[in-house]
Asker: 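Sharing a structure here in structure tokens format.
The sequence lines fix the lettering, A, B, ..., with proteins before strands; numbering per chain opens at 1.
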Amino acid sequence: MNNNVRVRFAPSPTGHLHVGGARTALFNYLFAKSISKDSKFILRVEDTDKERSSQEFLKSQLKDLNSLGITPDEGVFLDGDDIKEKDDNNNILDSKSTKSYKQSKRSELNIYKEKIDFLLQNGLAYYCFLTDEEIDTQKTLAKESKSTQQITSPYRPKNLEDAKTKNLEATEKISKGLKPSIRFNTISAKPEYIIKDLVRGEVKLPSNMVGDFVIQRSNGMPVYNFCCVVDDALMNITHVLRAEEHLSNTLRQLMIYEALNFTIPQFAHMSLILGEDKKKLSKRHGATSVEDYIKEGYLPEALINFLCLLGWSHPESKEIFSIQEAAKVFDLKRLNSAPAVFDTKKLLWMNGEYIKKLSPDDLKNKLNKHSPNNNHIDQFFTLLNTTSGSADVSQRKASSNTLRNTQISILQNSIKTLVEAKGILNLIFGQLNITDESNEVLSWNEAKDVLEFWIKQLNIKTEIYLTEEEFIDIQDKIKQTCKVKGKTLFMPLRVAVIGKPHGAELKEIIPLILVSNLINRAEQVLKTINKAD
RNA sequence: GUCCCCUUCGUCUAGCGGUCUAGGAUGUCACCCUUUCACGGUGAAGACACGGGUUCAAGUCCCGUAGGGGACGCCA
């Protein structure tokens with residue numbers, strides 16, 4: 001009929017957005033965007049587990065998706081700080097609407113009840129009064145006898161006639177206060193179901209993989225497998241792109257599609273993201289949520305770029321590209337069926353690349369957003385932005401573009417994550433911290449002379465800041481007077497400026513530090529030398 | 001245990017029967033740049049899990065074996 005597709009990402013708000021979930025969302029998004037302008041990426045919320053779901057988690061997940069650039073065309077979205085829903089015509093749904101993209105709400109609207117009633121009446125589902133204990137015994141028995149561990153329920157009807165009597169019996173029990181679950185009756189299932197998976201090709205799923213599974217909890221809430229099918233069908237989802245761990249669920253879902261006479265969508269089961277131990281990435285691998293990575297100073301743009309390359313490859317072998325660029329060339333055929341290890345080292349490299357590409361203003365904004373209470377950030381950028389009308393000679397210099405660029409590179413070229421900026425800024429504005437590494441340098445005979453002369457020269461200066469030229473001038477004087485060069489000159493000096501023998505280029509960092517501060521630091525270092533003597 | 005999926009450098013991957021003495025990226029190492037560190041530049045080492053087939057020809061197709069992973073919930 002038309003070439004538009006409808007795909008969905010259906011998170012469950014029981015935790016923060018996991019990188020695996022983010023990638024699933026990304027591929028769904030990219031697929032929709034790559035097909036046509038009118039294709040839709042829908043966000044549905046699977047919050048049937050009332051105990052574990054929360055509004056806070058939902059909000060956090062939506063926020064993370066937004067910052068990654070994955071915004072839904074339809075369904076649940078975040079408007080400022082409010083969770084809202086919009087339908088396929090872009091109409092905002094209010095609380096009285098009979099439509100919703102949240103399964104908890106859809107359950108209240110009896111959307112699932114109608115379908116479950118249909119199954120019950122036709123013997124395709126049944127009330128099951130098996131207790132937890134009874135189920136446990138069945139399971140342990142099955143384990144001991146090494147047979148397949150499927151639950152067999154005595155409440156399962158054998159045929160339509162049987163279903164009628166069983167339903168009657170059930171109604172009676174329910175009226176007495178018993179709370180049954182509802183199981184799907186697999187009695188009429190085909191022996192084997194075959195899906196043509198877009199990633200894996202033909203996958204055969206034998207029906208004996210599953211027993212009569214629960215489709216509605218005893219508390220009245222239908223479960224994931226059921227809601228998922230009903231919603232995908234009712235929302236006209238054309239392609240289901242999800243993680244491989246759902247492959248075995250597909251069998252159950254296929255049975256439901258069939259029982260309910262729904263059209264079956266196309267499936268694409270994407271490979272899993274693994275930790276370094278090659279096991280499914282989970283909390284015990286450390287940082288796994290998008291929020292964790294952002295807190296650690298990763299840029300959302302870098303994270304999403306990295307995720308995109310996990311199980312997918314750019315047709316031109318590009319490594320660095322935006323989500324928009326990816327959407328232009330995205331093709332499901334390039335999805336890899338093998339699982340991928342999440343390589344933090346490559347992410348780190350990629351993040352560094354993104355940081356280097358940032359304009360000074362963007363860098364400033366990103367840093368401020370990341371650590372809003374660090375006033376060194378503004379100090380740093382104010383220094384770089386000082387107008388050329390300033391009376392101070394170094395401020396005039398600092399405003400020239402070339403100098404500004406080299407100075408900003410102190411920050412930009414040496415950090416791979418936003419958090420690392422803190423350390424650099426501390427070197428410029430913070431308290432001097434003399435590292436253990438410096439001790440050896442300070443024990444050199446020349447060190448004391450160099451520092452004393454350095455302080456003397458600084459004291460003559462009346463300007464607030466030193467220019468690069470002025471520093472080089474002093475540096476030459478030290479060379480002559482103290483008869484030092486190379487390591488013996490630069491290392492003690494560097495310790496006197498940043499507290500360690502390695503790190504920033506002196507002529508770049510010195511023009512950023514107040515002369516008075518330089519004096520304080522040098523005196524502090526000199527004191528430790530004298531103490532050691 | 002049962003069923004399902006997967007298998008190219010350490011890692012992410014290219015490869016859709018001949019153009020593969022297997023390409024790129026990252027990581028590692030070396031050298032250059034640099035009076036330090038980093039950045040940058042150049043280069044090196046590094047892989048088709050194994051065994052059978054099919055074919056004139058197999059990393060590429062088929063079958064086994066081994067290894068890894070996933071699912072087996074009134075979680076999603």
Side-chain angles (χ1 to χ4, degrees), chain A residues 10-15 21 46-49 51-53 103 128 130 132 135 139 142-143 145-151 179-183 197 199-200 203-211 213-225 227-228 242-251 269 271-272 274 276-280 306 309-320 333-334 336-350 352 356 409-410 412-416 424 441 475 479 485-491 493-494 498 500-506:
Chain A
S12 154
T14 54
E46 310 215 319
D47 53 353
T48 55
D49 187 344
E51 276 88 59
R52 296 200 300 148
S53 299
Q103 290 183 335
C128 176
L130 239 33
D132 289 349
I135 292 172
K139 277 187 181 169
K143 215 169 240 175
S145 66
K146 284 182 181 169
S147 70
T148 43
Q149 303 167 33
Q150 312 304 0
I151 303 292
K179 295 209 185 314
S181 63
I182 298 175
R183 286 182 187 271
D197 192 276
V199 174
R200 268 150 237 283
V203 180
K204 289 176 188 165
L205 302 161
S207 287
N208 59 17
M209 270 173 88
V210 299
F213 52 93
V214 170
I215 56 173
Q216 183 174 296
R217 299 172 173 87
S218 49
N219 68 8
M221 183 64 88
V223 304
Y224 159 78
N225 271 312
C227 298
C228 183
R242 48 157 62 142
E244 196 205 314
E245 54 192 325
H246 289 287
L247 200 51
S248 61
N249 280 326
T250 310
L251 175 63
H269 286 93
S271 56
L272 258 21
L274 272 28
E276 276 175 55
D277 58 356
K278 308 233 172 172
K279 294 228 164 40
K280 188 168 81 160
F306 175 74
L309 252 13
L310 244 40
W312 187 78
S313 58
H314 192 285
E316 292 160 37
S317 293
K318 278 194 185 176
E319 297 279 333
I320 309 274
K333 287 198 189 100
R334 298 194 71 84
N336 196 161
S337 54
V341 173
F342 192 94
D343 183 9
T344 333
K345 288 203 188 95
K346 189 159 182 179
L347 206 211
L348 191 64
W349 162 77
M350 194 169 269
K356 285 189 196 96
S409 78
I410 289 180
Q412 220 162 353
N413 286 339
S414 56
I415 60 171
K416 285 210 162 81
I424 309 278
V441 173
Q475 170 193 308
K479 268 186 202 168
K485 60 177 184 179
K487 256 167 81 167
T488 46
L489 164 67
F490 283 93
M491 289 205 170
L493 212 48
R494 190 170 286 111
I498 60 173
K500 50 184 186 177
H502 303 290
E505 177 85 30
L506 287 176

Asker: To the nearest angstrom, how far is A:Met350 atom CE from B:U11 atom P?
Answerer: 18 Å
Asker: Let me have a per-nucleotide readout for nucleotides 40-49 of chain B, 5' to 3', with B, S or -, counting only protein heavy atoms under 4.0 Å.
Answerer: S---------
Asker: Which residues pass the ring-ring contact (aromatic ring centres under 6.0 Å, His included) test with A:His502, not counting sequence neighbours?
Answerer: none
Asker: Could you tell me how far apart A:Glu316 (CD) and B:G24 (C1') are, to the nearest whole angstrom?
Answerer: 13 Å
Asker: Taking the minimum atom-to-atom distance to the side chain of A:Val214, which one of B:U26, B:C6, B:C74 wins?
Answerer: B:C74
Asker: In Å, rounded to the nearest 0.5 Å, how long is the span from CG of A:Leu272 to CG of A:Leu310?
Answerer: 11.0 Å
Asker: In whole Å, I'd like the distance from the CG atom of A:Leu348 to the P atom of B:G27.
Answerer: 8 Å
Asker: Using a distance-only criterion (donor-acceptor N/O pair, under 3.5 Å, no hydrogens), is the base of B:A71 paired with the side chain of A:Asn249?
Answerer: no
Asker: Taking only side-chain nitrogens and oxygens of A:Lys280, does any of them come within less than 4.0 Å of OP1 or OP2 of B:A71?
Answerer: yes
Asker: With a non-hydrogen cut-off below 4.0 angstrom, is A:Val203 in contact with a base, only sugar-phosphate, or nothing?
Answerer: sugar-phosphate
Asker: Let's see if you can work this out: which of B:C6, B:G24, B:G70 has an atom nearest to the side-chain heavy atoms of A:Lys346?
Answerer: B:G24
Asker: Could I get the full list of salt bridge (charged side-chain N to carboxylate O under 4.0 Å, His left out) partners for A:Asp277, not counting sequence neighbours?
Answerer: A:Arg284
Asker: Any strand is fair game: report the nucleotide pairing with B:U19 by Watson-Crick or G-U wobble, both distances under 3.5 Å, or none.
Answerer: none
Asker: For a quick check of understanding: with a heavy-atom distance under 4.0 Å over all strands, which category does A:His246 fall into, base, sugar-phosphate or nothing?
Answerer: base
Asker: Does a side-chain N or O from A:Lys279 land closer than 4.0 Å to OP1 or OP2 of B:G69, or not?
Answerer: yes
Asker: Record whether the side chain of A:Ser248 comes under 3.5 Å of the base of B:C4 through a donor-acceptor pair of N or O atoms.
Answerer: no
Asker: B:U11 phosphate, OP1 or OP2: any side-chain N/O from A:Lys278 under 4.0 angstrom?
Answerer: yes
Asker: Using 0.5 Å steps for rounding, measure from the OG1 atom of A:Thr250 to the NE2 atom of A:His246.
Answerer: 8.5 Å
Asker: More 5' along RNA chain B: A:Asn219 or A:Val199, using each one's nearest nucleotide?
Answerer: A:Val199
Asker: Could you walk me through whether A:Gln475 and A:Leu506 pass the side-chain contact (heavy atoms from CB on, under 4.5 Å) test, one step at a time?
Answerer: CA-CA 10 Å; A:Gln475 170 193 308; A:Leu506 287 176; over 6 Å; no
Asker: Does OP1 or OP2 of B:G70 have a side-chain N or O of A:Arg242 closer than 4.0 Å?
Answerer: no
Asker: Might you list the N or O atoms of the protein lying below 3.5 Å from N or O atoms in nucleotides 14-16 of chain B, with each pair's distance?
Answerer:
from: B:A14; atom 1: OP1; to: A:Ser313; atom 2: OG; distance (Å): 3.2

Asker: Can you name the residues that form a salt bridge (charged side-chain N to carboxylate O under 4.0 Å, His left out) with A:Arg334, not counting sequence neighbours?
Answerer: none
Asker: Determine the interatomic distance between P on B:A49 and the same-named atom on B:U8; round to the nearest Å.
Answerer: 6 Å
Asker: Without decimals, in angstroms, what is the distance between A:Leu272 CG and B:G68 C1'?
Answerer: 12 Å
Asker: I need the CZ-C1' distance between A:Arg200 and B:U7, as an integer number of Å.
Answerer: 13 Å
Asker: Please give the nucleotide sitting opposite B:C37 as a Watson-Crick or G-U wobble pair, both distances under 3.5 Å, or none.
Answerer: none
Asker: Base, sugar-phosphate alone, or nothing: which one does A:Glu319 contact when heavy atoms must sit under 4.0 Å apart?
Answerer: base
Asker: Whom does B:U28 pair with, Watson-Crick or G-U wobble, provided both distances fall under 3.5 Å?
Answerer: B:A44
Asker: Tell me which nucleotide among B:G27, B:C4, B:C5 gets nearest to the side chain of A:Lys345.
Answerer: B:G27
Asker: Now, which nucleotide makes the Watson-Crick or G-U wobble pair with B:C72, with each of the two distances under 3.5 Å?
Answerer: B:G1
Asker: Once rounded to the nearest 0.5 Å, what's the spacing between atom CG of A:Asp47 and atom SG of A:Cys227?
Answerer: 9.0 Å
Asker: Tell me what A:Thr48 touches on the nucleic acid: a base, only sugar-phosphate, or nothing, going by heavy atoms under 4.0 Å.
Answerer: sugar-phosphate
Asker: Paired with B:C61: which nucleotide, if any, by Watson-Crick or G-U wobble criteria at under 3.5 Å for both distances?
Answerer: B:G53
Asker: Compare the minimum distances between each of B:C74, B:A76, B:C4 and the side chain of A:Glu46, then state the nucleotide with the smallest one.
Answerer: B:A76
Asker: Looking only at side-chain atoms of A:Lys139, point me to the closest of B:U11, B:A76, B:G73.
Answerer: B:G73
Asker: Need one value for A:Leu130: base, sugar-phosphate or nothing, where a base atom within 4.0 Å counts as base even if backbone is also close, heavy atoms only.
Answerer: base
Asker: Output the rounded distance in Å from CZ (A:Phe213) to P (B:C3).
Answerer: 20 Å
Asker: Please round to the nearest 0.5 Å and tell me the distance separating atom NZ of A:Lys179 and atom CG of A:Asn219.
Answerer: 9.5 Å
Asker: Among residues at least two apart in sequence or on other chains, which ones pass side chain to side chain donor-acceptor pair (under 3.5 Å) with A:Asn225?
Answerer: A:Asn249, A:Gln253
Asker: When rounded to the nearest Å, what value does the distance between C1' atoms of B:G10 and B:C48 take?
Answerer: 16 Å
Asker: A:Leu309 has an atom CG; how far is it from atom P of B:U26, in whole Å?
Answerer: 12 Å
Asker: Would you measure the distance from the P atom in B:G69 across to the matching atom in B:C74 and give it in whole Å?
Answerer: 25 Å
Asker: I'd like to check the salt bridge (charged side-chain N to carboxylate O under 4.0 Å, His left out) partners of A:Lys346; sequence neighbours left out, ordered by chain and number.
Answerer: A:Glu319
Asker: Please report the C-alpha distance between A:Glu244 and A:Val199 in whole Å, then the side-chain angles of each, then the deciding distance to 0.1 Å, and finally whether the side-chain contact (heavy atoms from CB on, under 4.5 Å) criterion is met.
Answerer: CA-CA 10 Å; A:Glu244 196 205 314; A:Val199 174; over 6 Å; no
Asker: Looking only at the side chain of A:Leu205 (C-beta and beyond, no hydrogens), which of the listed nucleotides B:C4, B:U7, B:U26 gets closest?
Answerer: B:C4
Asker: Output the rounded distance in Å from CG (A:Asp277) to C1' (B:G70).
Answerer: 14 Å
Asker: Expressed as a whole number of Å, how far does the C1' atom of B:G17 sit from that of B:C61?
Answerer: 8 Å
Asker: Could you tell me which residues satisfy side chain to side chain donor-acceptor pair (under 3.5 Å) with A:Glu245, sequence neighbours excluded, listed by chain and number?
Answerer: A:Lys280
Asker: Any strand is fair game: report the nucleotide pairing with B:U7 by Watson-Crick or G-U wobble, both distances under 3.5 Å, or none.
Answerer: B:A66
Asker: List the residues meeting side chain to side chain donor-acceptor pair (under 3.5 Å) with A:Gln103, not counting sequence neighbours, and say none if there are none.
Answerer: A:Glu46, A:Asp231
Asker: Could you encode protein contacts along nucleotides 32-38 of chain B as a string, one character per nucleotide from 5' to 3', using B for base contact, S for sugar-phosphate-only contact and - for no contact, with a heavy-atom cut-off of under 4.0 Å?
Answerer: ---BBBS
Asker: Which part of the nucleic acid, if any, lies within contact of A:Gly311, taking any heavy atom under 4.0 Å across all strands shown: a base, the sugar-phosphate backbone alone, or nothing?
Answerer: sugar-phosphate
Asker: What pairs with A:Asp49 under salt bridge (charged side-chain N to carboxylate O under 4.0 Å, His left out), at least two apart in sequence or on another chain?
Answerer: A:Arg52
Asker: ring-ring contact (aromatic ring centres under 6.0 Å, His included) with A:Phe213: which residues, sequence neighbours excluded?
Answerer: A:Phe184
